[in-house]
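One structure below.
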Amino acid sequence: MPERIFIGVAWPYPNGPLHLGHIAGAYLPADIFARYHRVKGNEVLMVSGSDAHGTPVTVLADKESRTPQEIFERYHASFLRSFRGLGISFDIFTHTDTPNHAQTARDIFLKLYERGHFLKQRTRQLYSPTLNMFLPDRYVEGTCPRCGFARARGDQCDKCGSLLDPLDLKEPRCKLDGSVPEVRETDHLFLRLGDFEERLKAWVRKQTHWRSNVHRFTLGYLEEGLKPRAMTRDLAWGIPVPVAGFDGKCIYVWFEAVIGYLSASKQYFQERGDPEGWRRFWQGPEVKSYYFIGKDNIPFHTIIWPAILMGYGGLNLPYDVPANEYLTLEGRKLSTSEAWAVWVPDYLERYDPDPLRYTLSVTMPESGDLDFTWKEFVRRNNDELVATYGNLVNRVLTFTYRNFDRRVPRPAHLDARDQALLAKAKHTLQAVDKALAHTSFREAVREAFSLAQEGNRYLEDLAPWKTLREDPQRTATTLWVALYAIAALKTVLGPFLPFSSEKLHHFLGLEGTAAGAGWAIQEPVPGRPLREPAALFKKLEEQVALDERARLEAARVGG
RNA sequence: GGCAGCGUAGCUCAGAGGCAGAGCAGGGGCUUCAUAAGCCCUGUGUCGUAGGUUCGAACCCUACCGCUGCUACCA
């Protein structure tokens, strides 16, 4: 029976192009998961969009003397190209600057307001008269009142480690333009998260299928107690607060960004003339909703978003939040400001998508931070994709194509050795299935590759190039079995390597697409014509690793 | 300061109470269908340090050392 799977993926800030960290942390695992469920015949809705509002966008806009609108549109377009190039298969990738989203966000905000979940509080904050804006804590620096360190941040002193209130800083300066901020009073609406604390605790305790890092982090967070949290900001760029007396203020970007999951779902179905269709992915116990995010987003998805949903009512809470840890690059944390990153648009100019998808799948930071290096990338491409998988496919297909009239050979008696490989292929289909269902992507791809290795061993044992002359029947059988293993590889690697799986599907003489062929091994049909094979992957020069490493170092700023 | 994570073979990492593992690199051999690809053989590690619990500890507990991240506006 088909399942229904909702997949929400982190909403990127459109203040720069996507880099490998974004892909490994959220978009690739979400895409693998979506493709896996689609090929199994399950109904999938995978959504995300640009988080158009928020300070990072306005800061960049100021810096470049452009409007936030221009900035977000530029990078939103870039995101769409990156996803297309990498084969990240969103059903919809929208943004938060749409009337539909604003209306959805206002509706939820007002509902919580009417139900008394908001608290009005007057706060004193630093205001920059030159920038005409209230300054976020991190954009203020000054002298630490405890230890006298001259460059303490607004929220914390990096020297003595004290947590600070920016109002306590001596000689505060604005980090953006160096001006001296002044103190101003301002009213904000605070969401009383405490209203949901007990329900959240009870709910989280039951989510024993969550990854342990996510589960523990969330429980620890809840144990500390939930304080009211400001859900409005003194900003001009965003969704205006729909409550009287809050003119000139906007809804906190995180409050409305998570609502994007819902508004994007509505938009998707509206565009298909089925305005109520979204309900099938948001209501009812038969739908499972997964949220693929980086670890820094955990509390927003396991506490704040569920709290909002509880307050609103009638919609499903997350089923799982398989948050990833961080990908580091050549041993160092990725940093946009220091330009220490591999940008997706750059990557796609020079290389194919599947090698990156493969390397990141194997190096996915599921349980701890993991390091990406260009040397490993080149090695995995050459030793694993080209030599193990690509070469297996190539040697079997070219040998069959040349010696068996360009058709699938007819097998004779299957002996124990043949049966063993067929069994291994079937077992791999199940093992990968199980690993993917549990969002264990590294394990899944390892399982899949062990079949490729087994396939090479099988060929080595049976040596069809030796038996071709004296025993064509034996040779035909060997090749048929090998083709079977390759057909299995095409299926199990499809979610990871969609582009090469489609190629292989074509070479095998199959009609339609690999993505539409089901989670099953397409048994080779004797006599069916094969198509002329070509290499699935390109070998990369060792020099590539050195060049790319040098390119990184050259681009690096500061640090 | 608080919270979290990490420290296992030359390198990158798995493992999580019961004889220390994989891949890569290095060494030796076989093969030639294949993108000079493939296959086999080859691992002497105080599992960060010091204690503790246990018949038994990389694994659990405590302390310490080192590294990292987060601390609520850069995944």
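- Among the atoms of the strands shown, base atoms are found under 4.0 Å from some heavy atom of Phe537(A).
- The pair Asp418(A)-Arg474(A) meets the salt-bridge criterion, since a charged nitrogen lies less than 4.0 angstrom from a carboxylate oxygen.
- In this entry the distance linking CZ of Phe83(A) with P of A75(B) reads 14 Å, nearest Å.
- Proximity of Trp11(A) to Val258(A): side-chain heavy atoms (C-beta onward) are nowhere separated by under 4.5 Å.
- The OH atom of Tyr458(A) sits 17 Å away from the C1' atom of U31(B) (whole-angstrom rounding).
- At the heavy-atom level, Gly25(A) lies nowhere under 4.0 Å from the strands shown.
- In this structure, the nucleotide among C70(B), C33(B), C24(B) sitting nearest to the side chain of Arg379(A) is C24(B).
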Footprint string (nucleotides 36-43 of chain B, 5' to 3'): B base within contact, S backbone only, - free, heavy atoms under 4.0 Å: -SBSS---
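- The distance from the CZ atom of Phe399(A) to the OG1 atom of Thr478(A) is 9.5 Å, given to the nearest 0.5 Å.
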Letter per nucleotide, 5' to 3', of nucleotides 2-15 of chain B [B base touched, S only sugar-phosphate touched, - untouched; heavy atoms, 4.0 Å]: ---S-------SS-
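- Within the 4.0 angstrom heavy-atom criterion, no nucleotide atom of any strand lies near Leu18(A).
- Heavy atoms of Ala26(A) sit nowhere under 4.0 angstrom from any nucleic acid atom.
- Shown here, A58(B) is classed syn by the O4'-C1'-N9-C4 or O4'-C1'-N1-C2 angle, which is within 90° of 0.
- Nucleotides G15(B) and G45(B) are separated by 15 Å at their C1' atoms, to the nearest Å.
- Nucleotide C74(B) holds its P atom 19 Å from the CG atom of Leu327(A), rounded to whole Å.
- Taking atom CG of residue Leu536(A) and atom P of nucleotide A34(B), one finds them 16 Å apart after rounding to whole Å.
- One can place CD1 of Ile303(A) at 14 Å from C1' of C70(B), the figure rounded to the nearest angstrom.
- Nucleotides A34(B) and A75(B) have their C1' atoms positioned 41 Å apart, rounded to a whole Å.
- Atom name C1', nucleotides U62(B) and U53(B): the rounded distance is 11 Å, in whole Å.
- C41(B) and C3(B): their P atoms are spaced 49 Å apart (whole Å).
- Relative to the six-membered ring of Trp374(A), Arg549(A) misses at least one condition, a distance below 6.0 Å or an angle of at most 45° to the axis.
- For Glu64(A) and Arg74(A), the salt-bridge test passes: some basic side-chain N is under 4.0 Å from an acidic carboxylate O.
- A 6.0 Å sphere centred on CD of Gln121(A) holds more than 12 heavy atoms belonging to other residues, nucleotides or ligands.
- At most 12 non-hydrogen atoms from other residues, nucleotides or ligands lie less than 6.0 angstrom from CZ of Arg406(A).
- Atom CZ of Arg332(A) is separated from atom P of G69(B) by 12 Å (rounded to the nearest Å).
- In this structure, Lys375(A) does not pair ionically with Glu542(A), as no charged nitrogen and carboxylate oxygen lie closer than 4.0 Å.
- One finds no salt bridge joining Lys424(A) and Glu454(A) here, because no Lys/Arg side-chain nitrogen approaches an Asp/Glu carboxylate oxygen to under 4.0 Å.
- Arg402(A) comes within 4.0 angstrom of sugar-phosphate atoms only, judged by non-hydrogen atoms across all strands, and of no base.
- We find that the ring of Phe399(A) and the base of C33(B) do not stack by the test of centres under 5.5 angstrom and planes tilted less than 30°.
- Across the protein-nucleic acid pair, Leu385(A) atom CG and U35(B) atom P stand 17 Å apart, rounded to whole Å.
- With P as the reference atom, U68(B) and C30(B) are 49 Å apart, rounded to whole Å.
- Comment: Lys503(A) does not engage Glu532(A) in a salt bridge, judged by the lack of any side-chain N to carboxylate O separation of less than 4.0 angstrom.
- With both ends at atom P, the span from C13(B) to G7(B) equals 10 Å, rounded to whole Å.
- As rounded to the nearest Å, A63(B) and U8(B) have P atoms that lie 22 Å from one another.
- Aromatic stacking of Tyr326(A) on A75(B): satisfied, with centres closer than 5.5 Å and planes within an angle under 30 degrees.
- As rounded to whole Å, 15 Å separates atom C1' of G21(B) from atom CD of Glu443(A).
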Canonical and wobble pairing (Watson-Crick, G-U, under 3.5 Å) of RNA chain B, dot-bracket with |: ((((((((.[[[[.)..(..]]]].(((((.......))))).....[[[[[..)....]]]]])))))))....
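- Judged by the 6.0 Å and 45° rule, Arg184(A) forms a cation-pi pair with Tyr127(A).
- In this structure, Lys466(A) reaches the sugar-phosphate backbone alone: every heavy-atom distance under 4.0 Å involves primed, P, OP1 or OP2 atoms, never a base.
- Of the two residues near RNA chain B, Ala534(A) and Trp254(A), the one whose nearest nucleotide lies more 5' is Ala534(A).
- Between Lys539(A) and Asp383(A) there is no salt bridge, since none of the side-chain N atoms of the basic residue sits less than 4.0 Å from a carboxylate O of the acidic one.
- In the displayed structure, Gln453(A) atom CD is contacted under 6.0 Å by more than 12 heavy atoms of other residues, nucleotides or ligands.
- Counting non-hydrogen atoms under 4.0 angstrom, Asn297(A) reaches the backbone sugars and phosphates but no base.
- In Arg124(A), the CZ atom is not crowded: 12 or fewer heavy atoms of neighbouring residues, nucleotides or ligands sit closer than 6.0 Å.
- The C1' atoms of G38(B) and G43(B) are separated by 23 Å, rounded to the nearest whole Å.
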